[in-house]
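Only a predicted model underlies this, so the values are computations on that prediction, with no experimental measurement involved. Note on naming: letters A, B, ... go to the chains in the order of the sequence lines (proteins, then strands), and numbering restarts at 1 for each one. For the numbers below, each heavy atom of this structure counts, side chains included, while hydrogens, waters and symmetry mates do not.
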Protein chains: 2
Amino acid sequence: MQSFNPPVRTLMGSGPSDVHPRILSAMAKPTIGHLDPIFIAMMDEIKEGLKTIFKTDNKLTMPISAPGSAGMEACFTNLVEPNDKVIICINGVFGMRMKENVTRLGGKAIIVKDNWGEAISTDKLEHALKNNPNANIVAFVHAETSTGAQSDVKTLCKLAHQYDCITIVDAVTSLGGTELYVDEWEIDAIYSGTQKCLSAMPGISLISFGKRAIQKLNTRKTSVNSWFLDLNLIMNYWNGDSKRTYHHTAPVNMLYGLHESLVMILEEGIENSWVRHKKNHELLKNGLEAMNINFLVNKKDRLPQLNSVLIPKGFDDEKIRSILLNDYNLEISAGLGAYTGKIWRIGLMGYSSRKENIVLCLSALKEILRK
Amino acid sequence: MQSFNPPVRTLMGSGPSDVHPRILSAMAKPTIGHLDPIFIAMMDEIKEGLKTIFKTDNKLTMPISAPGSAGMEACFTNLVEPNDKVIICINGVFGMRMKENVTRLGGKAIIVKDNWGEAISTDKLEHALKNNPNANIVAFVHAETSTGAQSDVKTLCKLAHQYDCITIVDAVTSLGGTELYVDEWEIDAIYSGTQKCLSAMPGISLISFGKRAIQKLNTRKTSVNSWFLDLNLIMNYWNGDSKRTYHHTAPVNMLYGLHESLVMILEEGIENSWVRHKKNHELLKNGLEAMNINFLVNKKDRLPQLNSVLIPKGFDDEKIRSILLNDYNLEISAGLGAYTGKIWRIGLMGYSSRKENIVLCLSALKEILRK
């Protein structure tokens, strides 16, 4: 067993995206203790930075020491109690995972299905809300990583509130890459990740809980199943004032990385980051369309940071992705579920969203598909 | 908000320990995709390395993408079903956390109490096993990080098996620092962390499941509460043969760090690492005793890598630790629970276990306590 030296890839898949060298360097800074006052001051800066990019004043805004799926689980395990009725709008893989979370917790999942590749239908949600007056939670994905479709969070949240439901929103792929306003849109609980549009290393998730979610948490009748993800306990570590209660050992070096990624996105400005993602999406789109490669998702619902395109007829999915990886060091992602072998998912997330990557990707595809 | 530049500390607390520069550099290597064939080959090396240091052939030996407490939870959430009777031997903080895990899962916790700072009593465990013929799991901590006491894992496991119980063992602080033989001692499920005697960054936990544990997992009547920690799903990612099933995005850069820490411990040899920890403990112990500073734990049960010492009378705990941190950049840990303000916990774990650290710590304490 010898030291591992990874190749230098260009990551244009569904995530992780390219990690900026400043963030890689930040992670390599010397580890200090998780109770060191200097570390705790940095934790406070992280919380403030997260509030800025989530566009929220929620006090309970913080990282979870595990990947995006644990962020999802942190929301569900804290908010769903046995027999809670949770309406889940499913239009891709991650909605299905939400359902898994709910049923494992003893909750009742009411499924609203939309076609993969389409936005969530507000009409269907309203229908489900009318038919299920006992439902108390609505959950859905803002930006479906499995298809590249984005949904209208603002309208969906408004609807849910009209029927006295709180909302849980998956923003793993949206945060930093597309408009997102937690307070203005009245999102009650939201989770995201670091490995998409923040250009940071994979391994950390980000959550923010508003008033309604905290009230649900505070009025639970049963204890939270998970000790590790119990926000009542984690809050004492992240929100403790002078004295922090030890909960678990924080992933110190990854938090250095997250901190630096926040510094960078604040330098750029979150709104400018949205604009950059949109602009680069246009560039890629024009190039792909010039090659007669078409998008899965309708123009209106397309995510700029995740481009799902139909694989041109007569070409083998795995073979082409393998050539891209081996000959060009370029990673793009396969389709999932029914779209396996039928679409490619080309990510333009965070630091991956830049002109030189687009030029490389278009040129490589041109060379390969011409053969 | 500006880039964060941590001070350079010497970490001689209860963890994290000093992270070796080779491991810091490994983490800063460029991120590649978690489904990249080159990454998957590295995952296989990690599994092999872990088997070597755990001294096991268990196929189900792998990292969990979250800190030690999630490793604990991975063991309990996969093995404990509602109404399972779990005997937990508690002689410190982490035994108490095991109890929390069991009750949250709907299991029945039967507590065997030992004094903090003492090893677990095999007699008491036998008594509990006799009185609870329906118990099916025994759980305990090998090396209590809260006190620095180690217990006789081999005898405790043998006892548990005589009464048809499977065993869950916490080896967070022991792995790499003191003798541990998963197969020879017939440990059924074990978890550890990276941030103690492996000299790696905090944020990853390590687990190994033997035959009995896998059988318990396979014959569950209920689904595992946690989707994120469900080993049935995680195994498909870590143990898949040609095709890996996507489960969650692995913390790629932290796994680079874990890989390098395994390369280093294999270079040294796990047995040599145990010897180094013992030798350095003797050095520290001699120095402390020369200053009339005494140990909490009996000589026989002392962990070499975590030295709990009584704070000399007349000295203020927080003030002295603060001088050590601010004037010497040296971190040692406070006591927990009833030992708050009464003991210090001085770690000599992994890369922190070296002569220059001991000399610094002893000299600093001498200067401060002389004042």
- Item | Portion of B/Leu11 that has a non-hydrogen atom of chain A nearer than 4.5 angstrom | side chain
- Query: Which one, A/Asp36, A/Ile204, A/Asn5, leads in non-hydrogen pairs under 4.5 Å with chain B?
  - Reply: A/Asp36
- Query: Is it the side chain or the backbone of B/Leu266 that comes within 4.5 Å of chain A heavy atoms, both, or neither?
  - Reply: side chain
- Does any N or O in the side chain of A/Ser352 come within less than 3.5 Å of the main-chain N or O of A/Asp18, such that one atom is a donor and the other an acceptor? yes
- Item | A/Glu73 side chain to A/Asn101 backbone, donor-acceptor under 3.5 Å | no
- B/Gly203, B/Ser25, B/Pro30: which one forms the most heavy-atom pairs within less than 4.5 Å of chain A? B/Pro30
- Item | Region of B/Asn253 in contact with chain A, defined by heavy-atom distances below 4.5 Å | side chain
- Task: Could you tell me which portion of B/Thr77 (side chain, backbone, both or neither) has an atom closer than 4.5 angstrom to a non-hydrogen atom of chain A?
- Result: neither
- Task: Measure the spacing between OG1 of B/Thr103 and CE of B/Met98 and express it to the nearest 0.5 Å.
- Result: 13.5 Å
- Heaviest contributor of heavy-atom pairs below 4.5 Å to chain A, chosen from B/Leu35, B/Ile38, B/Val252, B/Leu336, is B/Ile38
- Output the option from B/Ser223, B/Gly257, B/Ala70, B/Gly106 having the highest count of non-hydrogen pairs under 4.5 Å with chain A. B/Ala70
- Query: Could B/Arg22 and B/Glu267 be called an ion pair, given the rule that one side-chain N must be under 4.0 Å from one carboxylate O?
  - Reply: yes
- Query: For B/Pro21, is it the side chain, the backbone, both, or neither that has a heavy atom closer than 4.5 Å to a heavy atom of chain A?
  - Reply: neither
- Note on the structure: Cut-off 4.5 Å, heavy atoms of chain A, and the answer for B/Tyr256 is side chain
- Item | Max heavy-atom pair count under 4.5 Å with chain B, selected residue of A/Ile23, A/Val19, A/Ile32 | A/Ile32
- Query: Are more than 12 heavy atoms from other residues, nucleotides or ligands located less than 6.0 Å from atom CE of A/Met96?
  - Reply: no
- Given a strict heavy-atom distance threshold of 4.5 Å, which part of B/Val224 is in contact with chain A: side chain, backbone, both, or neither? both
- Query: With chain A, which of B/Phe39, B/Trp227, B/Phe228 has the greatest number of heavy-atom pairs at distances under 4.5 Å?
  - Reply: B/Trp227
- Item | Contacting moiety of B/Ala41, where chain A heavy atoms sit under 4.5 Å | neither
- Look up atom CD1 in A/Ile323 and atom CG in A/Asn326, then write down how far apart they are to the nearest 0.5 Å. 9.0 Å
- Within the side chain of B/Arg345, is there an N or O that forms a donor-acceptor pair under 3.5 Å with the backbone of B/Leu306? no
- Calculate, to the nearest 0.5 Å, the distance between atoms NE2 and CD1 belonging to B/His20 and B/Ile265 respectively. 12.0 Å
- Message: Whether the side chain of A/Lys47 engages the backbone of A/Trp238 through a donor-acceptor N/O pair (distance < 3.5 Å, no angle test) should be reported.
- Response: yes
- Message: Quick check on the interface: out of A/Asn329, A/Thr249, A/Leu105, who has the most heavy-atom pairs with chain B under 4.5 Å?
- Response: A/Thr249
- State whether the side chain of A/Asn78 and the backbone N or O of A/Leu231 hold a donor-acceptor pair below 3.5 Å, judged by distance alone. yes
- Task: Return the option, out of A/Met42, A/Glu331, A/Met254, A/His34, with the maximum number of heavy-atom pairs under 4.5 Å with chain B.
- Result: A/Met42
- From the list B/His247, B/Lys29, B/Gln195, B/Glu48, the residue making the most non-hydrogen contacts under 4.5 Å with chain A is B/Lys29
- Could you tell me which of A/Gly193, A/Ala66, A/Ser226 has the largest number of non-hydrogen atom pairs under 4.5 Å with chain B? A/Ser226
- When A/His259, A/His248, A/Gln2, A/Glu260 are compared by non-hydrogen pairs under 4.5 Å with chain B, the top option: A/His259
- Item | Among B/Met27, B/Arg97, B/Glu45, residue most engaged with chain A (heavy-atom pairs, under 4.5 Å) | B/Arg97
- Residue pair B/Ser14 / B/Thr145, side-chain donor-acceptor N/O under 3.5 Å: no
- Message: With a 6.0 Å cut-off (strictly less than), is the heavy-atom count around NZ of A/Lys51, excluding the residue itself, greater than 12?
- Response: yes
